[in-house]
Amino acid sequence: MKIRILAGLLVLVLVTSCTGPSQGPIKSGYDELVDAAGNISLPDNFQRNWTFLGTWAIDSTEAQQNGVAGFHNVYTQPGVVDYFQDNDRFPDGAVLIKELLSTTTASMTTGTVSRAAGIDGWFVMVKDTEQRFSGNPLWGDGWGWALFNADQPTSTVTQDYKADCLGCHIPARDDDWVYLSGYPMLIDQGQPSE
Ligand code: HEC
């Protein structure tokens with residue numbers, strides 16, 4: 001009996017040390033954010049609880065205004081960065097959210113400074129390695145795809161990812177359709193590249 005308990009403990013210690021201390025289980029997007037038909041929902045409070053991957057700042061020259069015209073802040077679930085660093089790919093159920101922020105620009109003691117003024121919407125991608133929803137036009141090429149406008153956060157305005165999303169992501173096709181260069185923790189293990 002004692003030997004069995006000891007052997008059990010040994011297995012437990014081995015399993016725990018193999019998975020590493022910082023790597024909690026990733027909460028899959030399929031747990032709560034995707035229903036049986038493939039409809040995608042936004043998670044609550046992801047800005048506070050998820051991992052912040054990086055910001056894109058949109059130049060305002062075209063909009064003929066000062067400063068930054070918009071920020072795109074990108075988040076993923078805790079644990080996805082560890083997984084990506086170890087495997088060079090996103091795990092099934094990984095969710096990427098790009099939050100679109102409008103801006104305002106003012107003169108401050110640091111110079112001319114743009115800051116977030118409001119939320120315009122959210123682009124969401126859910127990694128799918130199992131081709132779960134082949135008949136659903138929001139799913140394909142390894143991901144579920146959806147855009148939510150800020151005034152309607154509970155239902156997506158996306159009708160067909162091929163028409164609404166894919167064309168613009170073609171430059172990132174070799175990186176599983178994701179613009180990895182904006183996320184130093186994924187490609188440079190934490191340091192922005194030169
Ligand atoms: C007008 C072109 C365009 C369209 C349309 C578009 N995207 Fe993107 N998307 C981009 C670019 C470029 C980036 C990275 C730079 C940025 O945000 O400006 C990006 C980034 C993202 C990101 C952050 C992860 C990454 O790839 O860097 C998500 C999530 C995303 N898009 C989802 C979607 C979804 C879902 C749709 C369709 C509903 C969509 N996008 C449509 C151009 C586009």
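Position 1 is the first residue of the sequence, and the numbers go up from there. First listed ligand is number 1; within each ligand, the first listed atom is number 1. Given the structure is predicted, the values throughout are model-derived calculations rather than measurements.
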- Item | Test of proximity, D164 against ligand 1: N or O pairs below 3.5 Å |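 No; the residue has no nitrogen or oxygen that sits under 3.5 Å from a nitrogen or oxygen of the ligand.
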
- Hey, is ligand 1 close enough to W145 that some N/O pair sits below 3.5 Å?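 No; the residue has no nitrogen or oxygen that sits under 3.5 Å from a nitrogen or oxygen of the ligand.
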
- Message: Could you check whether any heavy atom of W177 sits closer than 4.0 Å to an atom of ligand 1, since that is the contact criterion I want to use?
- Response: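 Judged by the 4.0 Å heavy-atom criterion, W177 does count as contacting ligand 1.
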
- Task: For I58 and ligand 1, answer yes if some heavy atom of the residue is under 4.0 Å from a ligand atom, otherwise no.
- Result: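 Yes; I58 lies near enough to ligand 1 that a heavy-atom distance drops under 4.0 Å.
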
Please could you name the atoms of ligand 1 that [X] approaches to less than 4.0 Å, counting only its heavy atoms?
X	answer
C168	1 (C), 2 (C), 3 (C), 4 (C), 5 (C), 6 (C), 7 (N), 42 (C), 43 (C)
V124	35 (C)
L147	38 (C)

- Query: Are V74 and F123 grouped together when hydrophobic residues (ILVMFWY) are joined by side-chain heavy atoms under 4.5 angstrom apart?
  - Reply: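 Hydrophobic grouping puts V74 apart from F123.
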
- Same apolar cluster (I L V M F W Y, side chains within < 4.5 Å links), F71/F46: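 Yes, because F71 and F46 connect within a single hydrophobic cluster, where side-chain heavy atoms sit under 4.5 Å apart.
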
Please list the nearest protein heavy atom to [atom] with its residue and the distance rounded to 0.1 Å.
atom	answer
atom 26 (O) of ligand 1	Y179 N, 3.0 Å
atom 28 (C) of ligand 1	M125 SD, 3.6 Å
atom 20 (C) of ligand 1	K98 NZ, 3.5 Å
atom 32 (C) of ligand 1	F123 CB, 3.5 Å
atom 16 (C) of ligand 1	H72 ND1, 3.4 Å
atom 37 (C) of ligand 1	C165 SG, 1.9 Å

Report the part of [X] (side chain from C-beta onward, or backbone N, CA, C, O) that has a heavy atom under 4.0 Å from ligand 1; answer both or neither where that applies.
X	answer
V178	both
Y183	side chain
A146	backbone

- Query: Which distance, rounded to the nearest 0.5 Å, do you find between the CH2 of W177 and the SG of C165?
  - Reply: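 Answer rounded to 0.5 Å: 11.0 Å.
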
Flag for [Y]-[X]: side-chain donor and acceptor within less than 3.5 Å:
X	Y	value
Q131	S134	no
D141	Y161	yes
E99	W122	yes
D176	W143	yes

- Task: Answer yes or no as to whether an N/O/S atom of H169 is found below 2.8 Å from atom 8 (Fe) of ligand 1.
- Result: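 It does; at least one qualifying atom falls short of 2.8 Å.
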
- Item | Exercise: identify the closest heavy-atom pair between F148 and L42 |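 Minimum heavy-atom separation between F148 and L42: CD1-CG, 3.9 Å.
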
- How about F90 and F84: are their ring centroids closer than 6.0 Å?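 F90 vs F84: aromatic centres under 6.0 Å.
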
- Task: Go through V178 and L96 one step at a time and tell me if the side chain to side chain contact (heavy atoms under 4.5 Å, CB included) criterion holds.
- Result: CA-CA 9 Å; V178 178; L96 299 174; 3.7 Å; yes

- Ring geometry between W139 and F133 (parallel below 30°, tilted from 30 to 60°, perpendicular above 60°):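 Rings of F133 and W139: tilted, 30 to 60°.
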
